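Remarks on the structure that follows.
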Amino acid sequence: MNTGGDLDPRGALFDLDGTLINSEPRSLATWSRLLDMHNVPHDTATLHRFMGRRGPDVIAENPALFPGVTWDVILAEIQEIGKDPDLPPVAELPRSVEFVHRLHAWDVPFGLVTSAGRDWAERALTMLGMRELFHGVVAAGDVTTGKPDPEGYLAGAEILGHAPEHIVVFEDTPAGIEAARRAGMRTVGITTTHERSALRDADLIVDHLTEVDWPHITRRA
């Protein structure tokens with residue numbers, strides 16, 4: 001693997017839900033049930049607002065969704081809904097896991113930047129058998145402003161000890177891609193949850209992460 005060029009990537013940052021694990025169907029079903037509980041009409045576009053973003057940020061931008069309801073109440077209701085065994089299961093994305101192990105074998109440092117809570121992030125990485133491979137985790141509670149703000153990815157760069165221009169981000173949502181681009185990083189969009197057209201701002205779009213030819217990821221003009 002040639003890593004001698006000044007512009008070659010030296011580290012990677014991964015999103016979690018929809019990038020390493022197939023959890024978005026469960027998440028969308030949960031938000032749909034929550035909106036139903038509050039008698040809030042919704043469509044696919046409404047549900048997609050929550051994808052790749054922190055729940056409180058989306059609700060703050062859309063106060064008509066849960067008028068007068070605090071985030072603590074909403075969170076408790078989400079946790080109760082999550083106990084339903086009929087929700088779609090969470091499963092690993094095997095080619096994403098394979099790619100992570102490939103980077104580890106090449107001694108590429110990488111971390112996780114997620115809009116999910118730390119407890120879920122730690123559990124998910126442990127479930128995938130990869131927690132010890134990651135240099136660090138930036139979770140929802142670690143930032144003041146969530147994606148598409150670049151704060152989380154800039155914090156991830158500090159964990160890896162590399163400048164943003166030497167980091168590649170792997171994401172499945174437009175909000176995540178925007179956050180990484182605003183942080184000055186190269187981006188790879190994976191089509192697990194969105195059509196290619198929605199990920200058009202990424203430098204590279206793939207169906208599976210094993211299609212990525214590391215480190216040859218060229219920034220779009």
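Below, all heavy atoms of this structure are taken into account, side chains as well, without hydrogens, waters or symmetry copies. Remember, it's a predicted structure, so these values are computed and weren't measured experimentally.
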Is the closest side-chain heavy-atom distance between [X] and [Y] below 4.5 Å?
{"X": "P9", "Y": "I167", "value": "no"}
{"X": "T173", "Y": "E171", "value": "yes"}
{"X": "I59", "Y": "V69", "value": "no"}
{"X": "D17", "Y": "S27", "value": "no"}
{"X": "F14", "Y": "L103", "value": "yes"}
{"X": "L209", "Y": "W214", "value": "no"}
{"X": "D149", "Y": "V143", "value": "no"}

- Message: Is there a side chain to side chain contact (heavy atoms under 4.5 Å, CB included) between F50 and L34? Walk through the geometry before answering.
- Response: CA-CA 12 Å; F50 292 94; L34 182 67; over 6 Å; no
Spell out, yes or no, whether [X] and [Y] are grouped together once hydrophobic residues are joined by side-chain heavy atoms under 4.5 Å, including indirect joins.
{"X": "V113", "Y": "W120", "value": "no"}
{"X": "I217", "Y": "L199", "value": "no"}
{"X": "V100", "Y": "Y153", "value": "no"}
{"X": "L160", "Y": "V108", "value": "no"}
{"X": "I205", "Y": "V168", "value": "no"}

Main-chain N/O of [Y] paired to [X] side chain as donor or acceptor, under 3.5 Å:
{"X": "E158", "Y": "A155", "result": "no"}
{"X": "H162", "Y": "A157", "result": "no"}
{"X": "D203", "Y": "T187", "result": "yes"}
{"X": "R196", "Y": "G189", "result": "no"}
{"X": "D142", "Y": "V138", "result": "no"}
{"X": "D84", "Y": "I81", "result": "no"}
{"X": "R118", "Y": "G141", "result": "no"}

Gap separating the [atom1] atom of [X] from the [atom2] atom of [Y], nearest 0.5 angstrom:
{"X": "E92", "Y": "N22", "atom1": "CD", "atom2": "CG", "result": "11.0 Å"}
{"X": "R53", "Y": "H48", "atom1": "CZ", "atom2": "NE2", "result": "14.0 Å"}
{"X": "T46", "Y": "N62", "atom1": "OG1", "atom2": "CG", "result": "8.0 Å"}
{"X": "H194", "Y": "M51", "atom1": "NE2", "atom2": "CE", "result": "4.5 Å"}
{"X": "T193", "Y": "D172", "atom1": "OG1", "atom2": "CG", "result": "3.5 Å"}
{"X": "R186", "Y": "R181", "atom1": "CZ", "atom2": "CZ", "result": "12.0 Å"}

Would you name the heavy atoms of [X] and [Y] that are closest together and state the gap between them?
{"X": "A139", "Y": "A116", "result": "CB-O, 3.5 Å"}
{"X": "V206", "Y": "E211", "result": "CB-OE1, 3.6 Å"}
{"X": "V90", "Y": "R26", "result": "CG2-CD, 3.5 Å"}
{"X": "A121", "Y": "T114", "result": "CB-CG2, 3.9 Å"}
{"X": "G117", "Y": "A140", "result": "N-CB, 4.3 Å"}
{"X": "L154", "Y": "M185", "result": "N-CE, 4.3 Å"}

- Message: With side-chain contact (heavy atoms from CB on, under 4.5 Å) as the test, pick out the partner of I21 among L128, T192, L93.
- Response: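 That would be L128; it is the only one of L128, T192, L93 passing the side-chain contact (heavy atoms from CB on, under 4.5 Å) with I21.
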- Residue pair H38, E77: steps toward the side chain to side chain contact (heavy atoms under 4.5 Å, CB included) verdict: CA-CA 11 Å; H38 289 267; E77 292 175 342; 2.7 Å; yes
- Query: Does CZ belonging to R102 count more than 12 external heavy atoms closer than 6.0 Å?
  - Reply: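 Result for CZ/R102: enclosed.
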- Message: If you count every heavy atom of other residues, nucleotides or ligands that lies below 6.0 Å from E195 atom CD, does the total exceed 12?
- Response: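 No - once you tally the heavy atoms of other residues, nucleotides and ligands closer than 6.0 Å, there are 12 at most.
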- Is the closest basic N to carboxylate O distance between K147 and E178 below 4.0 Å?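 Salt bridge absent between K147 and E178.
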- Query: Side chains of S32 and H42: donor-acceptor distance under 3.5 Å anywhere?
  - Reply: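 Side chains of S32 and H42: pair found under 3.5 Å.
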- Decide side chain to side chain contact (heavy atoms under 4.5 Å, CB included) for F170 and F99; before the verdict, give the C-alpha distance in whole Å, the side-chain angles of both, and the deciding distance to 0.1 Å. CA-CA 11 Å; F170 299 90; F99 181 71; 3.5 Å; yes
- Chi angles and distances behind the side chain to side chain contact (heavy atoms under 4.5 Å, CB included) call for L28, W31: CA-CA 5 Å; L28 292 177; W31 284 109; 5.6 Å; no
